Structures are given as structure tokens and as C-alpha cells.
Amino acid sequence: MISKRMYEPVGIIMATNEGLLSLDPGGDPRTIVADTTFLDVEYRDGLGIAASAEGVWVHNGRRNERWQNSLEQDVAAVAVTTAGTLFAGTTEGKLFSSDSSGESWREIEGVQHIIRHGRFSPPAGEKPRPVSVAQAKEGILIGISGGGTWHTRDNGDSWLRRADGLDPKVHKIYSHPTRADRLFATASSGVYRSEDEGYSWIQSLGGLDRSFGGSLAVLPGAPDSLVLSMARHSPGTSGAVFRSANGGVSWSRLILEGEDEWEEIPCVTRPSDWEDLVFIAAGGMIFASHDRGRNWLKLNDGLPICNAIAASL
């Protein structure tokens, strides 16, 4: 399918311990921000956002524009909604949003109230904090480490928990590209699917041999195709990649360049404006599939290990 983008693409974006990098498929990586560890990155409809301990870095979709540090907080999780709202979750449990491409930010103070009064059990050594934001049919759904998922219709003034059946140690929530009622989530115990805007969740286990959920790409269809990274141990060692051709009912292991196991958990992403294209970063290599994850081509190797990837092509 031809991309419907209305902006200049910036390539594959890599969040690494060495900095924020970008590359064109088959080309050499370019350093966007050096000497800073980046933990998360997202790109959607001409807006990019990346998370580091030094703050949030934002890109406006124009290739010649630089990424700008627009929020000086210790940020570990970021998101962009289809409406163009940016979100940044800090290690101290705060959630910020911006409707101005990062020029100004506001703290969603209701998140702190949830964390203060909730009896949450995050992973050892961590504080309860926002780890993910996803657009729901009405409002947004956020994931809190050790606290499951929560929904707001009024920009964060009030919240309701939506986490029936979901592991509270949620890692990331994924909106479906075309169905507002369908959501996916990765967690410490695997991958989950919701068909009712996150009210209830069903765990997907068939064919998986490990339980630590990584990243997920949702390729819409009837049924959906999914590409998922998983690990055996926290915080993401002994990684593998799986594909489901039936919306997550069952999974099969992917073999890439003769390998199906990596020391670190791979990263997976789907460009927001392509329905059949998906990328995997694994073991210093980048792989691409143009047919919903059935066949794969190695694009690059000798790259740094990624903590997250995004793509704008």
C-alpha cells in the first residue's frame, strides 16, 4: 500500500544508549542527539518525540529541522496520538501533555492523585509511573507500572481503572490503527488484547515460549497481523520475535538471517501511515517486511542495540 503521508519522512529513528540516531534503509546511521541515553521514541503523522533522562526531544516532521529538547524532565516513556497530542511520562510519576508540538507543556495532575492513592506494585526498584499512553474511542488510556490501565474522557480531571484481566505490571498499550475499540498491551506476563476499549483484557499465549512482553506492531486486516518481541527475563534478556496471522490467537517464531534468539530483546515498529510495512531491530541489525511480516529482508547491520525504534518513510 502507498503511504498517505503529508510530511517529509525522516527515516528509521533509533533510541540507543549512545544517543538518538536516524538512518535510511541500507544507509549509515546519522546522529541526531549524541552522548545521551534514549529509552523511548515514537513518530506519527509528522511529529516525533523521544525520551531521555535529560528531557523530551521533539521533531516537527521537516527533514532539515533539528530535534529540540522541549521539556527538561527525567522522561522514560513518550507517545503521540492521531490528534497530534504529545505525552511524556517521567520516572517520578508525572505525566505531561502538549498540543503545540512541544512548544508548551502542562502536567496532568490527576495522574499523581492516582499514584498517590493507589496500592500499586511496580517492578522492584521502580516507582509507580506512567509507562504508556494510547488513544481510546473516547479520551485516552494510560498504563501505570504496577497499576494497570486507566481511562479519562476529560483530559485527566477524572480517571477510571480499566484493567480487568490485565497484568498490573503493564509495559505498553497499543491502539488499533482502524478500530477504536480494539487495544493491545504488553506486560511482564506477556501480551493482552481488549475488544471493549480496555474494560477487559484477554491474555494471548498460544505458541509463545517466554513471558516478558516487549514491543508490538499491529498491521490491520481481517484478521490483524501482529509482530511481537518477547524476552525470558526482565529487563529484557534472551529475546525473540513472534508473528501472529490471526490477531493474536496463536504465534509462530520468526527466524531472521538464521537467528531466532538474541541477547537483548528486539524492538518492533510499524510506520503509522503504512498498513503492511514493519521493522525489527535485533542484534545490531535492522530487518523490514513489506508483506505484513511474512517475509523479511535485512537492511542494515553493525548498529547499536536499540531500546526502541520508530519509522517515518
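Please read these numbers as outputs of a predicted model, since none were measured by experiment.
A side-chain N or O of Trp251 and one of Ser204 form a donor-acceptor pair less than 3.5 Å apart. In summary, the side chains of Ser272 and Arg44 do not present any donor paired with an acceptor at a separation below 3.5 Å, with no hydrogens or angles considered. Checking Asp167 against Ser189 by side-chain atom types alone, a donor-acceptor pair falls below 3.5 Å. Using a 3.5 Å distance cut-off with no hydrogens or angles, the side chains of Asp74 and Thr90 do not pair a donor with an acceptor. Under 3.5 Å, the side chains of Gln135 and Ser175 contain no donor-acceptor pair of N or O atoms. Side-chain contact of Thr85 with Ser97: a donor-acceptor pair under 3.5 Å is absent, judged by distance alone. The closest side-chain donor-acceptor pair between Arg162 and Thr149, if any, does not fall under 3.5 angstrom. No side-chain donor-acceptor contact under 3.5 Å links Asp276 and His290. No donor-acceptor contact under 3.5 angstrom links the side chains of Asp40 and Asn307, judged on distance only.
Residues Ile280 and Pro266 come closest through the heavy atom pair CG2-CB, 4.2 Å. Across all non-hydrogen atoms, the minimal contact from Tyr43 to His59 is OH-ND1, 3.6 Å. The shortest heavy-atom contact between Ala187 and Tyr192 is CB-CE1, 4.0 Å.
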*Apply the test side chain to side chain donor-acceptor pair (under 3.5 Å) to residues Arg30 and Ser22: give CA-CA distance (whole Å), side-chain angles for both, the deciding distance (0.1 Å), then the verdict.*
CA-CA 5 Å; Arg30 304 177 295 274; Ser22 70; 3.2 Å; yes
*Quick one: do Asp99 and Arg106 satisfy salt bridge (charged side-chain N to carboxylate O under 4.0 Å, His left out)? Show the steps, please.*
CA-CA 9 Å; Asp99 292 315; Arg106 75 175 184 94; 5.8 Å; no
*asked:* With ring pair (Phe, Tyr, Trp, His ring centres under 6.0 Å) as the criterion, how do Phe212 and His171 come out once you've worked through the C-alpha distance, each side chain's angles and the decisive distance to 0.1 Å?
replied: CA-CA 9 Å; Phe212 187 87; His171 294 165; 4.5 Å; yes
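The number of heavy atoms from other shown groups lying within 6.0 Å of CG (Asp154) is above 12.
Looking at Lys172 and Glu42, a side-chain N of the basic residue comes within less than 4.0 Å of a carboxylate O on the acidic one, giving a salt bridge.
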